[in-house]
Amino acid sequence: QVHLVESGGGLVQAGGSLRLSCAASGRPFSGYVMAWFRQVPEKEREFVAKIDWSEGRTYYKDTVKGRFTISRDNAKNTVDLQMNSLKPEDTAVYYCAASSPYSTTFDDWGQGTQVTVSS
């Protein structure tokens with residue numbers, strides 16, 4: 001398992017922006033698919049965005065398209081999530097996740113960082 005640590009969460013007014021960062025360590029970063037998920041109390045954890053190893057292809061949850069951007073820096077073993085035009089419904093704990101080249105699931109997870117968007 002790799003060790004993932006998220007940072008950058010906080011309180012922001014609706015319409016504002018935040019940039020989340022995920023630092024990975026413990027295993028080689030090459031070939032890993034990286035993703036961001038989020039979870040609200042009493043609700044299921046949901047997919048937000050992911051970025052593939054090959055040419056950095058990205059995928060997004062429909063409701064965040066055009067507002068969120070996922071990126072990765074393989075040299076630094078980091079994955080970021082730039083969140084713009086934030087809405088109160090974006091409030092959640094955001095988690096970084098990783099899938100190795102030998103797995104079809106996300107096996108490694110960070111501890112999460114809280115994002116709160118006020119009206």
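For the single chain, residues carry numbers from 1 onward in sequence order.
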Residue pair [X] / [Y]: nearest heavy atoms and the distance that separates them:
X: Cys96; Y: Leu4; answer: O-CD1, 3.6 Å
X: Asn84; Y: Ser17; answer: OD1-OG, 2.9 Å
X: Trp109; Y: Tyr95; answer: CE3-CB, 4.0 Å

Indicate, with yes or no, if [Y] and [X] share a hydrophobic cluster defined by side-chain heavy-atom contacts under 4.5 Å among Ile, Leu, Val, Met, Phe, Trp and Tyr.
X: Tyr94; Y: Val2; value: yes
X: Tyr60; Y: Leu20; value: yes
X: Val115; Y: Trp36; value: yes
X: Ile70; Y: Phe47; value: no
X: Val33; Y: Val48; value: no

Check whether any side-chain heavy atom of [X] lies under 4.5 Å from a side-chain heavy atom of [Y], and answer yes or no.
X: Val12; Y: Thr116; answer: no
X: Ser21; Y: Glu6; answer: no
X: Gln82; Y: Ser71; answer: no
X: Phe68; Y: Leu81; answer: yes
X: Met83; Y: Val64; answer: no

Using 0.5 Å steps for rounding, measure from the [atom1] atom of [X] to the [atom2] atom of [Y].
X: Glu46; Y: Thr63; atom1: CD; atom2: OG1; answer: 6.5 Å
X: Lys50; Y: Phe37; atom1: NZ; atom2: CZ; answer: 8.5 Å
X: Tyr32; Y: Asp108; atom1: OH; atom2: CG; answer: 6.0 Å

Would you confirm whether [X], through its side chain, and [Y], through its main-chain N or O, come within 3.5 Å as a donor-acceptor pair?
X: Ser99; Y: Thr105; answer: yes
X: Thr78; Y: Cys22; answer: no
X: Thr91; Y: Pro88; answer: yes

Could you list the residues that satisfy ring-ring contact (aromatic ring centres under 6.0 Å, His included) with Tyr59, not counting sequence neighbours?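 Tyr59: no ring-ring contact (aromatic ring centres under 6.0 Å, His included) contacts found.
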Pair Arg72 + Asp80, salt bridge at N-O below 4.0 Å: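 Here Arg72 does not pair with Asp80 in a salt bridge, since their nearest N and O are not under 4.0 Å apart.
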Which residues satisfy the side-chain hydrogen bond (donor to acceptor under 3.5 Å, both in side chains) test with Gln111, sequence neighbours excluded?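 In terms of side-chain hydrogen bond (donor to acceptor under 3.5 Å, both in side chains), with neighbours along the sequence ignored, Gln111 is linked to no residue.
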Going by the salt bridge (charged side-chain N to carboxylate O under 4.0 Å, His left out) test, which pairs reach into residues 89-106, not counting sequence neighbours?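 Applying salt bridge (charged side-chain N to carboxylate O under 4.0 Å, His left out) to every pair that reaches into residues 89-106, excluding sequence neighbours, yields Arg38-Asp90, Arg67-Asp90.
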